[in-house]
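Shown next, in structure tokens, is the structure this report addresses.
Just so it is clear: chains get the letters A, B, ... in the order the sequence lines come, proteins before strands, and each one is counted from 1. If you're wondering where the values come from, they're calculated on a predicted model, not measured in any experiment.
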2 protein chains.
Amino acid sequence: MSLEHRSGCPINLALEVFGDKWSLIVIRDIMFGNRRHFNELLAGSDEGIASNVLADRLQRLVGLHMLSRAPDPSHKQKVVYSLTEPAIQLVPVLAHLGAWGVRHLPTSRELSVRAELLERGGPEFWDRFMDELREQHLGIPRPLGVPSAFAELRAAYEAELARA
Amino acid sequence: MSLEHRSGCPINLALEVFGDKWSLIVIRDIMFGNRRHFNELLAGSDEGIASNVLADRLQRLVGLHMLSRAPDPSHKQKVVYSLTEPAIQLVPVLAHLGAWGVRHLPTSRELSVRAELLERGGPEFWDRFMDELREQHLGIPRPLGVPSAFAELRAAYEAELARA
DNA sequence: CTAACCAGTTGTAATTTGCAATTAGTTGGC
DNA sequence: GCCAACTAATTGCAAATTACAACTGGTTAG
């Protein structure tokens, strides 16, 4: 994909991966929305991504080893996209980015709830969530008896929806 | 700048501000490189930003209230760009993003040192650095007797340069 | 059988971005 | 007071990205 880099700066290299309007949106929807199929990502996107842009970003992120792609055993035509370990480790970055957005940009109330919960939860909550992603996406079993961070995020969002 | 947003999601809105290849590079150079003038940002950029792109991003970031622009009293032609409080609060985001980049991308050793120091320092170090940015960019005096985080970052970088 | 679904692809137009050269005004050295 | 270098941009053109709509070859549920 990119054999020549603009510089070896960590922030620059991260921007070479995610420095566009759509890549992180795709990661976000897979990570927090558990959207694993092309159509889920296409139709479920609040931002209305175009099918060719989605196809391009999926292919690109697979090439950069941020996502992996596998046929769906239960449906010969479907393809399942999974987060790789590097992508899972974006959780703290996205948590901080979301928290910053809530503080400084005109976010909608119902979509802010999860970002706020993610921020309040702090590193312990992020670790719990990342273990859950490793289970869902990498097939690595997570510790028994630990409550689901994903369920808490979902519950907070549903509760906020019901309040309105 | 953008009266219509794709969605009210915090991450999406943050991407509408920084979702391109250059905006965060500019912020990074002002924040960590203390580059305050157009030419410093243009010539000092490792990544080689073009002058029209730099001009566009500066204007855009000023419009979005991430930067402020003021004439330089000591030189009638110069303009000084400063971080605003929202931009200063990106420090934890950039710290996490840099740490992620060091871990998962082919960063160069000398440019990684600062990111590693920034990560190891944790929230207390970030707060110290942000207070220093508030002094430099907003004119808010910082607590007396607190050592300079900026100097520590600079020293770590110089030391690594000397080692090679 | 057939209609809906699946992950894309193709074509085209509009928009955005990048690069090189240039600009009008300012400054410092002599 | 002259001139070369500096300053923050701007202009013209090429290239890349994005949006929108239609379409594809195969799959599946009823």
Rounded distance in Å - CG (B:Asp72) to C1' (C:dG25):
16 Å
Could you tell me the separation between the CG atom of B:Leu41 and the C1' atom of D:dA8, rounded to a whole number of Å?
11 Å
May I have the distance from A:Glu16 (atom CD) to D:dT17 (atom P), rounded to whole angstrom?
13 Å
To the nearest Å, give me how far apart CZ (A:Arg60) and C1' (D:dT18) are.
15 Å
Residues A:Thr107 and A:Gly101: closest non-hydrogen pair is CG2-O, 3.6 Å
Under a 3.5 Å cutoff, is there a donor and acceptor pairing between the side chains of B:Thr84 and B:Ser68?
no
Are B:Gln136 and B:Glu132 close enough that a side-chain donor and a side-chain acceptor fall under 3.5 Å?
no
Whole-Å distance, B:Leu54 CG to D:dA8 P, equals 9 Å
Atom pairs under 3.5 Å, N or O on each side, protein against nucleotides 5-9 of chain C: can you list them with distances?
from	atom 1	to	atom 2	distance (Å)
C:dC6	OP2	A:Asn39	ND2	3.1
C:dC6	O2	A:Gln77	NE2	2.3
C:dA7	OP1	A:Phe38	N	3.4
C:dA7	OP2	A:Asn39	N	2.8
C:dG8	OP1	A:Arg69	NH1	2.6
C:dG8	OP2	A:Arg69	NH1	3.3
C:dG8	OP2	A:Tyr81	OH	2.2
C:dT9	O4	A:Ser51	OG	2.9

Has B:Arg57 got a side-chain N or O lying under 4.0 Å from the OP1 or OP2 atom of D:dA8?
no
Reckon B:Trp22 has a side-chain N or O less than 4.0 Å from the OP1 or OP2 of C:dG18?
yes
Between D:dA8 atom P and B:Ile49 atom CD1, what is the distance in whole Å?
14 Å
Are A:Arg114 and A:Tyr157 in a cation-pi contact, defined as NZ or CZ under 6.0 Å from the six-membered ring centre and within 45° of the axis?
yes
Compute both the distance and the angle, then confirm whether A:Arg28 meets the cation-pi test with A:Trp22: under 6.0 Å from the six-membered ring centre, within 45 degrees of the axis.
no
Classify the angle between the aromatic ring planes of B:His96 and B:Trp126 as parallel (below 30°), tilted (30 to 60°) or perpendicular (above 60°).
perpendicular
